There are 2 protein chains.
Amino acid sequence: MVTVYDVAKAAGLSIASVSRALNNQPGVSQATSQRVAHIAKEMGYEPNDVARSLVGKSTRTIALLVPDIANPFFPELVKSVQAKADENEHVLLLADGAGDRHRVAASMTVLRRKQVDGVIVVATALTVDADELFVDIPTVFLDREGPRLGASVVVNNEAAAFAATTHLIDLGHRRIAHIAGPIDLEVSRQRLAGWRRACSTAGLPSSDDLVVPGNFLEDGGYNVGTHITNPSSACTAVFAANDLSAIGFLAYCADNHLSVPDDISVVGFDGIHLSRYTTPKLTTMAQPIVELGRRAADVLFDLIRGEKSVPRIVLSATLLPGASVASPKAVLQ
Amino acid sequence: MVTVYDVAKAAGLSIASVSRALNNQPGVSQATSQRVAHIAKEMGYEPNDVARSLVGKSTRTIALLVPDIANPFFPELVKSVQAKADENEHVLLLADGAGDRHRVAASMTVLRRKQVDGVIVVATALTVDADELFVDIPTVFLDREGPRLGASVVVNNEAAAFAATTHLIDLGHRRIAHIAGPIDLEVSRQRLAGWRRACSTAGLPSSDDLVVPGNFLEDGGYNVGTHITNPSSACTAVFAANDLSAIGFLAYCADNHLSVPDDISVVGFDGIHLSRYTTPKLTTMAQPIVELGRRAADVLFDLIRGEKSVPRIVLSATLLPGASVASPKAVLQ
DNA sequence: TAAACAGAAGTAAGCGTTTACGTGATCTCT
DNA sequence: AGAGATCACGTAAACGCTTACTTCTGTTTA
């Protein structure tokens, strides 16, 4: 490995001058600066970021903790965060599996040791007393309220779920099931709450038998199909807590010769790219995924630069129309 | 930040002893070792990995370069690589956007500076003379042949594409279109070649008008729908170079009231998890995604540990049956 | 009992940078 | 023309750790 020493020797200078030249800092003449740059390139010198991080304050690294990278929602988010990281000349460390509390703790220990400049924590399962995990390291909570301390960028899940459900109600549906997410996630509870409020506001049932537990995955949505489409349940529509669940349910319907939306309407949540390519195309409450990532990253870099305030940014979701909803065949009087 | 010095002072020891104690190395008594451990914990000491990396050889970090993390194939791969990284007490750096040559070069520079221990490079676009990008840093090419140097873990794309196409031929299809991937990717070319060989082996046409260019994304598959289903093309089946393209095509068919597989059969490639939940369920040539990631990581860590040989591992894909293929309605004599 | 040795601890160098400070040489201004 | 300012560069410390080497104490061995 060629170091500043080597370059310095070759240039007949001290390492200090070389360092200054390479970082075009004042204190070196234009001429030497160019000469050094040339020599460095010639020798194939690359600065060692580890050493640089040790002396400087920054590692130029941020981390993103996601519960499940296999859920298409997150890759889309990753892309947008990474773009911002690039922009700020930082590198992205990905930590998957944040759905599990222990893994979150383990990850944070590793990240702290690695001296990452900051962390974006997404929709993870946290114990109530998780505050200390994030102490001393700039953190933005995304799509989940952080512990007491901490900035956050969230979508108003409750309101969005309310709107999604109301959309179905306006179309004439009177019994609407809900495929919930993992109930230990705040977002799941909020979406459930929104569905419930919409139902009760309209004087419709929102009893527990209309809530079927999902897992935010396709199989979750698939497996509850039987329960929802059971004639005795008499549902004409279903609001899924996320798109993957909705897609699973769609598959169930297809396998069982139920037509969506003729037999049953489906509304998803997330607005993942794939929701534009399901059969039928999914009507979904779309989160501003790219915007979420961007804003979170912006806030994080503000924090990293020393910003003291810890903002709480709330973005809103918008209904993305598809072909998976319709008025119920027989609107009950 | 609490350092070894602080711990040493608190324990009345030298930093050397503290270091030894903390890493349970010989040279400290059992008693002191425990005492130090206790004090360190008490003080909330966390070793600084940056410093550790600077003195030691390793940063305990590996990187994964993927062309497009939004393609569900990659998150599944990421998961498996990350599991292996965990196992080896390494952290995963994700670099997206490796579909672009310039970004690959840029990423490698950053990674080299960051002193990552190794890199897994997936299916990226590389210039022919890209060798030098990876010199001096353990590299495994996944799903793509590396430059001259370099270990690789690949799927026999040509053979797999051949088998997928043959499956359609065996069912009686006589005109089979191919939705290709970006043609500057080796994998795309190989899959195209497999399709072509299958067709010509069976004495079927494989002319260029049967090859429609895709982009490995849903919209690519969707947009070529018109061309493929045009009556004058007379295709009864299509083999897509990846699942996302197939899913896009499925969506096109649904939008245009074409039944899959009654009107046209579709075979995908990749075997992403979502292919189990399309309507109809996609028949696809499934890559052993998890295995690919695992093997690549294994090879990489071997390399990191000093292994000299650079293996070339070839895995094979298997046909995952779905409901998107059938015999053509009218088998031509 | 002296010599050899093992164990526990300390000293200090070094990893590759950045940067505060010091030192001449050249320049500016009155 | 001499004092101060400016410039280009060098010296050395610091970042937080690991580790080769040294030192000291106490134990074993002949």
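Quantities reported herein were computed from a predicted structural model and do not represent experimental measurements. In what follows, every chain begins at residue 1, and chains take the letters A, B, ... in the order their sequences are listed.
- Salt bridge Asp86(A)/Arg103(B): present, at least one basic N to carboxylate O contact under 4.0 Å.
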Step by step, would you call Glu46(A) with Arg112(B) a salt bridge (charged side-chain N to carboxylate O under 4.0 Å, His left out)? CA-CA 8 Å; Glu46(A) 289 285 356; Arg112(B) 185 185 310 278; 5.2 Å; no
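- For the atom pair Leu303(B) CG and Leu300(B) CG, the distance stands at 6.5 Å (nearest 0.5 Å).
- A side-chain contact (heavy atoms from CB on, under 4.5 Å) with Ile313(A) holds for exactly one of Leu142(A), Val153(A), Val140(A), Val155(A); it is Val153(A).
- Taking atom CZ of Arg112(A) as the reference point, atom C1' of dG16(D) lies 17 Å away to the nearest angstrom.
- Put simply, CE on Met1(A) is 12 Å from P on dC15(C), counting in whole angstrom units.
- Residue Tyr5(A) places none of its side-chain N or O atoms closer than 4.0 Å to OP1 or OP2 of dG14(C).
- Between the CD atom of Glu46(B) and the P atom of dC17(D) there is a distance of 11 Å, given to the nearest Å.
- Taking CG from Asn157(B) and CZ from Arg189(B), the interatomic distance works out to 11.5 Å, rounded to the nearest 0.5 Å.
- Side chain to side chain, Glu307(A) and Ser309(A) meet the donor-acceptor criterion of an N or O pair below 3.5 Å.
- Lys114(B) pairs by the salt bridge (Lys or Arg N to Asp or Glu O under 4.0 Å) definition with Asp49(A), not counting sequence neighbours.
- By the 4.5 Å heavy-atom criterion applied to side chains, Leu93(A) and Leu92(B) are not counted as neighbours.
- The CG-C1' distance, from Asp6(A) to dC15(C), rounds to 14 Å in whole Å.
- Contact annotation: the side chain of Phe141(A) never approaches that of Val122(A) to less than 4.5 Å [non-hydrogen atoms, C-beta and beyond].
- When the side-chain nitrogen and oxygen atoms of Asn48(B) are compared with OP1 and OP2 of dC15(D), none of them lie within a distance under 4.0 Å.
- The phosphate of dT18(C) has OP1 or OP2 within less than 4.0 Å of a side-chain N or O from Ser19(A).
- Atom OH in Tyr45(A) sits about 6 Å away from atom P in dT18(C), given to the nearest Å.
- The separation between Lys9(A) atom NZ and dG10(D) atom C1' is 17 Å, rounded to whole Å.
- No contact: Pro26(A) has no heavy atom under 4.0 Å from any strand.
- Of the candidates dT18(D), dG16(C), dT18(C), dT18(C) carries the atom nearest the Ile15(A) side chain, counting heavy atoms from C-beta on.
- Listed nucleotides: dG16(D), dT18(C), dT18(D). Nearest to the side chain of Asn23(A): dT18(C).
- Between Asp96(B) and Lys79(A) there is a salt bridge, since at least one side-chain N of the basic residue sits less than 4.0 Å from a carboxylate O of the acidic one.
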Under 3.5 Å between N/O atoms: give me all the protein pairs with nucleotides 5-9 of chain D, atom names plus distance.
{"from": "dC9(D)", "atom 1": "OP1", "to": "Thr32(A)", "atom 2": "OG1", "distance (Å)": "3.4"}
{"from": "dC9(D)", "atom 1": "OP2", "to": "Ser29(A)", "atom 2": "N", "distance (Å)": "3.1"}
{"from": "dC9(D)", "atom 1": "OP2", "to": "Thr32(A)", "atom 2": "OG1", "distance (Å)": "2.7"}

For nucleotides 23-25 of chain C, which of its nitrogen or oxygen atoms have a protein nitrogen or oxygen under 3.5 Å away, and what is each distance?
none

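- We find that CG of Asp49(A) is positioned 10 Å from C1' of dT17(C), with the value rounded to whole Å.
- Protein atom CG of Leu54(A) is 4 Å distant from nucleotide atom C1' of dC15(D), rounded to whole Å.
- Out of dG16(D), dT17(C), dT19(C), the shortest distance to the side chain of Gln25(A) is found at dT19(C).
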